[in-house]
Structure formats: C-alpha cells, structure tokens
Undergrad: 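Below is a structure I'd like to ask you about.
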Number of protein chains: 2
Amino acid sequence: MLRLSKLTDYAVVVLVRLAQAGPALPGARVREVGMQTSPGIAAATGIPEPTVAKVLKILAGGGLVASQRGAHGGYRLLRPLTAIPVSDVIAAIDGPIALTACVEGAAGGCESESLCPVRGRWDPVNTAIQEALGAITLADMQAAAVPRAFRLPAATLQDARGDAQPAAE
Amino acid sequence: MLRLSKLTDYAVVVLVRLAQAGPALPGARVREVGMQTSPGIAAATGIPEPTVAKVLKILAGGGLVASQRGAHGGYRLLRPLTAIPVSDVIAAIDGPIALTACVEGAAGGCESESLCPVRGRWDPVNTAIQEALGAITLADMQAAAVPRAFRLPAATLQDARGDAQPAAE
DNA sequence: GGTAAGAGGACCCATTCGGTCCTGATTGAC
DNA sequence: GTCAATCAGGACCGAATGGGTCCTCTTACC
C-alpha cells in the first residue's frame, strides 16, 4: 500500500485550516490572533471533533502548533505553511518515516539478517522518499488547491489515479 | 509510518534470490534454468516457507515471475532485476501506490470533500514518491548491497533514521 | 497408471489503526 | 471568589488489514 494513516491526512487539513484562520479576524479581541478551537476547526473541515482534538494534540506534541489552555484558548500555528514540509507532518503523526523493519531502528528486528541479501538496501529508497516529501510544503499543497467546481468528479478520480497502474488491483 | 508491508520486503528478498539462482546451475537437468522452488528459496533466505510461497504466488499474479507446476516445477524471473523498479514490486504486493483515501480511487471516499481544503492535493506528493520508487530497480538494491561486516550497527541506524527528527517519538 | 513434488486457493488468527469517551487542569469572564 | 470554557492526558472499543497456516489440485517422473 505505502499508505499513510488517515490521521496524517487530517493533520494536513487541520493545519491548512489553521493557517486560513488569518491573523486579522474581526472579532479577535479576546482570542489571540490566528487561534482556533477544536470544535471550530471540526465544524469548518467536517472532521469529527474528537479526531480533530486528537490530531491537534499530536501536532502540539510535535511542535507544529501551540496550544493555549483555558477559556478563549485554542491552537495556533507555530510556523507558516511554507516552512512546514509534508515530511514533518508525517513524522509528527506517524513517527519517523521508515519503509521496512530493516530501517525503522529496530535493533536486530530482522531475524534473518545473516541471510537477507538486501539488508539495509531500503535505505536509499527511504532517503529518496524523504527527500521527495521534504521538498513539498503545506503551502504547495494549499496553493495547488482549486475550487471544487473546477474538478469534475470523474476527472478527479482519473487524475488522482494517474499513472498508478489501474489494472493492478 | 509510511510503512510498506513485510510481504513487500520479502518479495524483494525473494526476487533478488531468484536472480542469484543463476542460469547455469550444475544440476539443472530436469529443472529449468533459473528455476527455484519455494522451499529452496525459503531455506536460502530464512523466510518461512509458506510465506515465500505466498509471496511468489502474488508475484506470479503480478507478472513478475513465472510458475511451473508439477514435479520439478518452481518459479523463475520473467525480467532481469535491472528491469524491475521497486514501485512494480510494491504495486504487485500492496496494490497501486496511494498515500491517502483521496487518491486511492475511492469513489466519494472523502465524506467531507466539500469542505476539505486540500482535496486531491496529495497527488503531487504521490507522484513524487512514485517517481522516486520507479527510479530505483532491484538491481540497484542488489548492487548497493555490501557485506555485513562493512556496516557498523550503530552507523546503520543513524544512517537509516537520518533527518527524520529523532526527537519526534 | 501410480506416486510424488509443487503450485493454487481458501481460511483463520493476531496485530495495528481509527475513533470515541472520560476525567483533570488551566485560564478568563462575571 | 465562583463559574464556564477549553485543552491535556489517558484508557477503551471496534474494525480492518496483514501475516501465517492448511488443504486441494495439477503436473511430471517412474
């Protein structure tokens, strides 16, 4: 699959939304500029509120957002979207990017290490993916976003699948 | 995580082993050249035999190896390692490479599509990863293989983790 | 034709992930 | 000083996927 978790997908949505809050909200008197609450983000994104809270909690632990407790508290971005590569989000949610057990830091994880002919050979692949993910920031993902009306549903699927050979499954 | 399944890891090992069989085995009288059995590969790689059989079965379905049933049957490579990109192996085992539900061809899979600000924005990320994986062949992974003694265990871990911030977990 | 070797397919169990809920701590408003 | 709002942390449960095992069918040799 090479699929990342839904939480990571949610995290990107939440972070982009957090940036869209804008530092100049009209009613930003009591609440700090650019700060939003979990329920507010949930309502804006359509993601279940508990899940949003969970994502924000993890992101706060990863140093991507800052939290403010108490009444009129909330979360705010610590860095602009241009300074947040996708790899950082993935690392914050899913932990360090590691394709196989051979590279995920598992000490002696591979029980057949003495026989395995490709021991540690995933490293270059892993590095290539990390570089690819590190080169794309959330701002890039946001900038590429086009209004929904511009994307036909069918065309969306076709475009999304693209060169991922469709006959394989 | 961005982790691919163990089966994919096994598949690479099996394929490399299948290539190492060599087309000029001494006792290759009854068995076709370059052909190996599941138990043989299992013994050579240390992977459990049923798992090897399962991997080979999937790879045969994916068109990467050919099977020969009956006595003195077995499996053989259909293409040289230089012609097998890593992405093909992953696609054969885990299906098409798709990072998120938004790109995996799920019709209307995203229930909050009207709100999601990054709808379909994983496509460039997905493409970047596919290109990275498509550029690396099994021959590269095999060629990069160095004897185990040349790699310090600690250095291996450091190299593997690399710039994936270690403090994240 | 019988026997053995080996692939093909179906099945089951364990692990992990996604999602939800509850309780406690902190801060601002009244 | 009290109350309300909101985040923080943890535990819990259900679903889904992956990993592994077993049985059956096919094929070639004797």
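Excluded from the calculations below are hydrogen atoms, water molecules and symmetry mates; all remaining heavy atoms, backbone and side chain alike, are included.
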Undergrad: What is the distance, rounded to the nearest whole Å, between atom CG of A/L56 and atom C1' of C/dG19?
TA: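 Rounded to whole Å, this separation is 15 Å.
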Undergrad: If we check side chain to side chain contact (heavy atoms under 4.5 Å, CB included) with A/V89, which of these qualifies: A/V55, A/L133, A/L15?
TA: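 Filter result, single survivor: A/L15.
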Undergrad: In this structure, how many angstroms lie between the C1' atom of C/dG9 and the CD1 atom of B/I58, rounded?
TA: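 So the two atoms are 12 Å apart, to the nearest Å.
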Undergrad: Please determine whether any donor N or O and acceptor N or O are separated by less than 3.5 Å between the side chain of B/K54 and the base of D/dG19.
TA: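 Answer is yes: a donor-acceptor pair is held.
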Undergrad: For B/R69 and for A/K57, locate the closest nucleotide of DNA chain D by heavy-atom distance; then report the residue assigned to the nucleotide nearer the 5' terminus.
TA: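 Counting from the 5' end, the first nearest nucleotide belongs to A/K57.
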Undergrad: Can you check the B/K6 NZ to C/dT16 P distance for me, whole Å?
TA: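 The answer, rounded to whole Å, is 10 Å.
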Undergrad: Grab the CD1-P distance between A/I90 and C/dC17 for me, whole Å please.
TA: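 For the pair A/I90 CD1 and C/dC17 P, the rounded distance is 15 Å.
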Undergrad: Give the rounded distance in Å between these two atoms: CD1 of B/I47 and C1' of D/dT21.
TA: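 Taking CD1 of B/I47 and C1' of D/dT21, I get 16 Å after rounding.
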Undergrad: To the nearest Å, how far apart are B/D9 CG and D/dG19 C1'?
TA: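 Rounded to the whole Å, the gap is 14 Å.
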Undergrad: Under 3.5 Å, side chain of B/Q68 to main-chain N/O of B/M35, donor-acceptor pair present?
TA: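 Checked: no pair found.
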Undergrad: Which heavy atom in B/G134 sits nearest to a heavy atom in B/P85, and how many Å separate them?
TA: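 Smallest interatomic distance, heavy atoms only, reads O-CB, 3.5 Å.
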Undergrad: Tell me if a side-chain donor or acceptor on B/D140 pairs with a main-chain N or O of B/T137 at a distance below 3.5 Å.
TA: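 Present.
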Undergrad: How long is the line joining CG of B/L59 and P of C/dG9, in whole Å?
TA: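 These atoms are roughly 14 Å apart.
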Undergrad: How long is the line joining CG of B/L7 and P of D/dT21, in whole Å?
TA: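 Distance, rounded to whole Å: 12 Å.
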Undergrad: Please compare A/G70 and B/P50 by the position of their nearest nucleotide in DNA chain D and report the one closer to 5'.
TA: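 The residue closer to the strand's 5' end, by nearest nucleotide, is A/G70.
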